[in-house]
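Both ligands and their constituent atoms are indexed starting at 1 by order of listing. These numbers were taken from a predicted model, which means no experiment stands behind them.
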Amino acid sequence: MYSSRITGMGFYVPDNIVTNDDLSKMMDTNDEWIQERTGIQERRWIKEGSDDTTSTMGVKASKIAIERAGLTKDDIDFIIFATLSPDHFFPGSGVLIQDMLDMPNVGALDVRNQCSGFVYSLSIADQFIKTGMYKNILVIGSEYHSGALDKTTRGRNLAVLFGDGAGAAVLSRSEDNSRGILSTHLHSQGEHAEVLTVKAPSIIHWIPAILNAKEEDTSYHPFMDGQKVFKNAIVRFSEAISEGLDANNLTAEDIDMFIPHQANLRITQFVQRRFKLSDDQVYSNIQKYGNTTAASIPIAMCEAWEQGKIKEGDLVVIAAFGSGFTWGSVVIRW
Ligand code: UT7
């Protein structure tokens, strides 16, 4: 059987930096609250009038990833695109990327698993490669959150958390079974679907409902029961990591780099303490980009790699938890 290796990575974030002080001019919040509760100092938000969208950011990240893999667009056999903020209700953004990258007739699949979207996408790509169906798969996570956030005091518990950006990786077939993705582990618990959600627009809340919506109707903005999400996140992150380590007869001491979904620095620090990981074993960049949902892991993984923090032969563990609830992990021998 083949194994799949990450051969190239890239990321793109909009130039526009929004600091916590900038937010305090839009809503009743402050730098101290945001940093203390989340670790976030700033995030990138697409500037009004910019050409950036979920799909164009994904294209920019993809071009870098494909080039770094030493490939051209013609070598890519399949596209997997993870997002909760697609350009359109349908079709998905994967086909828009396929067109913009000029990859005629290459299959494109959208994955709608929110913060776990990139973990799910890597797992799907891994199966296609291991079975021999595809050789090189482009896996993308991209989010344009700032367009849908309620940037008033009413929406402050969510608006301060999220940032825009995209990350991409090329997963390629390898004959060396000791390297690459060792295992992936995916879970969900739909009974908590309403704890972190945007209800509209949707087929249930279609145009007449949107047009008649009253100012106090919050269905059109993301909703989150933050404490419930937090409490579940620390449990599920830990379970997913343990599951990945156990499946490969490894322990936390074997981890060279843990890359969590960047949801909240406090969640990451909890997991770090739980597994007794040193600062060198964990990568965090939520301070600069906020929570970019499906894009957060590929952006963090790419940055860590660019900084020389992921080397050949390293054991890299990634894990995510988010809306759905969905969660999972991937164990990689780099
Ligand atoms: O990526 C998807 C997964 N998402 C997560 O994992 C997020 C998990 N949850 C969290 O990270 C945290 O729950 C938050 C950072 C969202 C919130 O932190 P918290 O410590 O749970 O705060 P809270 O929601 O309990 O709110 C505490 C207080 C409230 O005021 P009162 O009722 O105590 O007077 C809020 O109204 O903080 C207030 N508050 C704010 N104050 C200033 C909420 N948002 C803000 C804000 N600025 N932006």
Open item on the list: Return the closest protein heavy atom for atom 11 (O) of ligand 1 as residue, atom name and distance.
Closed with: N264 ND2, 2.6 Å
- [ ] Anything under 30° is parallel, anything over 60° is perpendicular, the rest tilted; go ahead and classify H205 against Y220.
- [x] perpendicular
- [ ] Check if R266 has a non-hydrogen atom at a distance under 4.0 Å from any atom of ligand 1.
- [x] yes
Open item on the list: If I take atom CZ from residue R154 and atom CG from residue D28, how far apart are they, to the nearest 0.5 angstrom?
Closed with: 15.0 Å
Task: Closest protein heavy atom (residue, atom, distance) for atom 16 (C) of ligand 1 - done: M224 CE, 3.7 Å
- [ ] With heavy atoms of L196 as the reference, note each atom of ligand 1 found under 4.0 Å away.
- [x] 2 (C)
Open item on the list: Considering non-hydrogen atoms of the protein only, which is the closest contact for atom 19 (P) of ligand 1, and what is the distance?
Closed with: R37 NH1, 3.6 Å
TODO: Please determine if D150 and R156 form a salt bridge, counting it only when a charged side-chain N lies under 4.0 Å from a carboxylate O.
DONE: no
TODO: Heavy-atom distances under 4.0 Å are what count here, so tell me which part of F230 touches ligand 1: side chain, backbone, both or neither.
DONE: both
Open item on the list: Can you classify the ring geometry of F237 versus F321 as parallel (below 30°), tilted (30 to 60°) or perpendicular (above 60°)?
Closed with: tilted
- [ ] Specify side chain, backbone, both or neither for N291, according to which of its non-hydrogen atoms lie closer than 4.0 Å to ligand 1.
- [x] side chain
TODO: Kindly confirm or rule out an N or O of N30 lying under 3.5 angstrom from an N or O of ligand 1.
DONE: no
Open item on the list: For atom 25 (O) of ligand 1, is there a protein heavy atom at a distance under 4.0 Å?
Closed with: yes
TODO: Look at ligand 1 and say whether L23 reaches it with a heavy atom at a distance under 4.0 Å.
DONE: no
- [ ] Would you check whether T38 has a nitrogen or oxygen atom less than 3.5 angstrom from a nitrogen or oxygen atom of ligand 1?
- [x] no
Task: Nearest-neighbour protein heavy atom for atom 47 (N) of ligand 1, which is reported as residue plus atom name and distance - done: T29 OG1, 2.7 Å
- [ ] Please name all residues satisfying salt bridge (Lys or Arg N to Asp or Glu O under 4.0 Å) with E194, sequence neighbours left out, ordered by chain then number.
- [x] K199
- [ ] If you have a sec, work out which protein heavy atom is nearest atom 39 (N) of ligand 1 and how many Å separate them, to one decimal?
- [x] W33 CZ2, 3.4 Å
- [ ] Could you tell me the separation between the CD atom of E306 and the CD1 atom of I64, rounded to the nearest 0.5 Å?
- [x] 8.0 Å
Open item on the list: Could you measure the distance from the CE atom of M224 to the CG atom of N157? Nearest 0.5 Å is fine.
Closed with: 6.0 Å
Task: Part of I34 within contact of ligand 1 (heavy atoms, under 4.0 Å) - done: neither
- [ ] Say whether Q262 and ligand 1 are in contact under the criterion: heavy-atom distance to a ligand atom below 4.0 Å.
- [x] no
- [ ] For ligand 1, note which part of T293 has a heavy atom under 4.0 Å away: side chain, backbone, both or neither.
- [x] neither
Task: Nearest non-hydrogen protein atom, atom 30 (O) of ligand 1 - done: R156 NH2, 4.4 Å
Task: Closest to atom 3 (C) of ligand 1 (judged by heavy-atom distance), picking from L158, I286, I234, V229 - done: V229
TODO: Report the part of Q114 (side chain from C-beta onward, or backbone N, CA, C, O) that has a heavy atom under 4.0 Å from ligand 1; answer both or neither where that applies.
DONE: neither
Open item on the list: Can you tell me how the ring of F78 sits relative to the ring of Y134, calling it parallel under 30°, perpendicular over 60° and tilted otherwise?
Closed with: parallel
Open item on the list: When you measure from the centre of the six-membered ring of Y289, is the NZ or CZ of R43 closer than 6.0 Å and no more than 45° off the axis?
Closed with: no
Open item on the list: Quick test of your reading of the model: are D21 and K25 salt-bridged, counting only N-O distances below 4.0 Å?
Closed with: no
Task: Under 4.0 Å to a heavy atom of C115 - the qualifying atoms of ligand 1, by number - done: 1 (O), 2 (C)
Open item on the list: For the CG atom of D74 and the CG atom of D102, what is their distance to the nearest 0.5 Å?
Closed with: 8.0 Å
Open item on the list: Test of understanding: clusters of I, L, V, M, F, W, Y form through side-chain heavy atoms closer than 4.5 Å, transitively. Do W334 and I137 belong to the same one?
Closed with: yes
Open item on the list: Test of understanding: given a 4.0 Å heavy-atom threshold, classify the contact between V160 and ligand 1 as side chain, backbone, both, or neither.
Closed with: side chain
Task: Modelled atom types, side-chain donor and acceptor of H261 and S296, under 3.5 Å - done: yes
TODO: Report the nearest protein non-hydrogen atom to atom 9 (N) of ligand 1: residue, atom name, distance rounded to 0.1 Å.
DONE: G226 O, 3.0 Å
Task: side-chain hydrogen bond (donor to acceptor under 3.5 Å, both in side chains) partners for D15, two or more places apart - done: none
TODO: Give the residue and atom name of whichever protein heavy atom lies nearest to atom 6 (O) of ligand 1, and the separation in Å to one decimal.
DONE: I267 CD1, 3.3 Å
